[in-house]
Amino acid sequence: MAAKLPAVVILCFAFSYGNASTTVIGTANTWGNMRVDGYLVQGNATLFDGSVIETSDVRADVRLGKDVKIQVSTDTRGTMYRDHVFLERGTIEWAPSISFLLETNRLHITPSEPNSLGIASSSASDVVEVEALKGGFLVTNDHGVPLAGLHRGNVLSF
């Protein structure tokens with residue numbers, strides 16, 4: 001009986017590990033305090049698919065995988081996913097991979113060129129502003145209907 005106990009314990013751990021629904025998607029770094037999933041964090045945090053980041057008086061640098069860099073500005077709240085970010089309020093600057101989506105106020109913003117760099121902000125009055133710093137972006141509504149294409153130097157409000 002005692003010989004079977006380690007095998008049962010290993011099997012239980014393997015089963016619970018296989019059912020874990022939390023997947024690490026990246027990291028967030030700041031020089032002060034931020035909130036991640038409601039918890040006050042100082043310095044660095046591991047992000048999981050669906051992690052919520054909130055900043056107050058400091059910025060945070062987010063790295064998702066190898067291809068996406070996001071700078072979360074002060075007084076910003078967003079939810080991070082492996083393939084997109086949902087911006088609830090505030091401003092982010094992001095250098096996405098070609099397939100990475102930013103969603104805010106029922107708008108979808110995707111890069112239309114490789115190595116694009118953009119800024120998106122969503123205000124309390126539901127105004128969304130998008131700026132292409134490098135490359136280009138396509139803005140669609142939540143049904144996929146194209147609304148605008150932005151190229152380097154363009155700024156549009158929705």
Side-chain angles (χ1 to χ4, degrees), residues 19-158:
N19 284 335
S21 62
T22 54
T23 303
V24 174
I25 61 166
T27 58
N29 303 302
T30 186
W31 288 102
N33 295 326
M34 63 182 158
R35 289 200 173 273
V36 177
D37 296 328
Y39 295 98
L40 188 63
V41 176
Q42 184 176 25
N44 305 318
T46 300
L47 300 178
F48 300 93
D49 209 29
S51 286
V52 177
I53 295 179
E54 294 178 82
T55 60
S56 55
D57 58 349
V58 295
R59 299 173 87 110
D61 293 318
V62 174
R63 180 84 181 205
L64 302 179
K66 297 184 295 186
D67 298 331
V68 181
K69 295 178 187 175
I70 300 172
Q71 187 173 70
V72 181
S73 294
T74 59
D75 195 29
T76 297
R77 178 183 167 102
T79 306
M80 304 295 154
Y81 299 95
R82 173 180 292 118
D83 60 350
H84 71 284
V85 60
F86 176 76
L87 177 62
E88 187 176 321
R89 72 166 192 278
T91 303
I92 67 169
E93 178 178 306
W94 86 113
S97 64
I98 197 68
S99 62
F100 193 81
L101 165 76
L102 182 136
E103 182 181 353
T104 185
N105 199 23
R106 297 188 347 232
L107 295 175
H108 294 180
I109 307 159
T110 54
S112 57
E113 301 174 26
N115 303 313
S116 294
L117 175 66
I119 296 176
S121 62
S122 183
S123 68
S125 60
D126 291 334
V127 174
V128 175
E129 187 171 279
V130 182
E131 179 177 2
L133 299 174
K134 181 180 172 187
F137 292 88
L138 175 65
V139 180
T140 62
N141 66 15
D142 56 350
H143 298 291
V145 176
L147 302 176
L150 284 92
H151 297 285
R152 183 178 180 210
N154 292 134
V155 179
L156 289 176
S157 295
F158 300 89

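Position 1 is the first residue of the sequence; numbering continues from there.
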* Gap separating the CD1 atom of I92 from the CD1 atom of I119, nearest 0.5 angstrom -> 10.0 Å
* Going from CG on L64 to OG on S51, what distance comes out if it is rounded to the nearest 0.5 angstrom? -> 9.5 Å
* For the pair S112 (side chain) and G136 (backbone), establish whether a donor and an acceptor sit closer than 3.5 Å, ignoring hydrogens and angles. => yes
* **Gap between atom NZ of K134 and atom NE2 of H151 - 0.5 Å precision** => 16.0 Å
* Determine yes or no for a side-chain-to-main-chain donor-acceptor pair under 3.5 angstrom, with D37 supplying the side chain and V52 the backbone. => yes
* Nearest-0.5 Å distance that lies between atom CD in E129 and atom CZ in F158 -> 10.0 Å
* If you draw a 6.0 Å radius around CZ in R89, do more than 12 non-hydrogen atoms from other residues or ligands fall strictly inside? -> yes
* **T104 side-chain N/O to L87 backbone N/O, donor-acceptor pair under 3.5 Å** => yes
* To do: Say whether, by atom type as modelled, one donor and one acceptor occur between the side chain of S73 and the main chain of T91 under 3.5 angstrom.
  => yes
* Please answer whether the main-chain N or O of R82 pairs with a side-chain N or O of D49 as donor and acceptor at a distance below 3.5 Å. => yes
* Asked: Does the pair R77/E88 count as a salt bridge with the N-to-O cut at 4.0 Å?
  -> yes
* Asked: Heavy-atom distance under 4.5 Å between the side chains of F100 and I70, does that happen here?
  -> yes
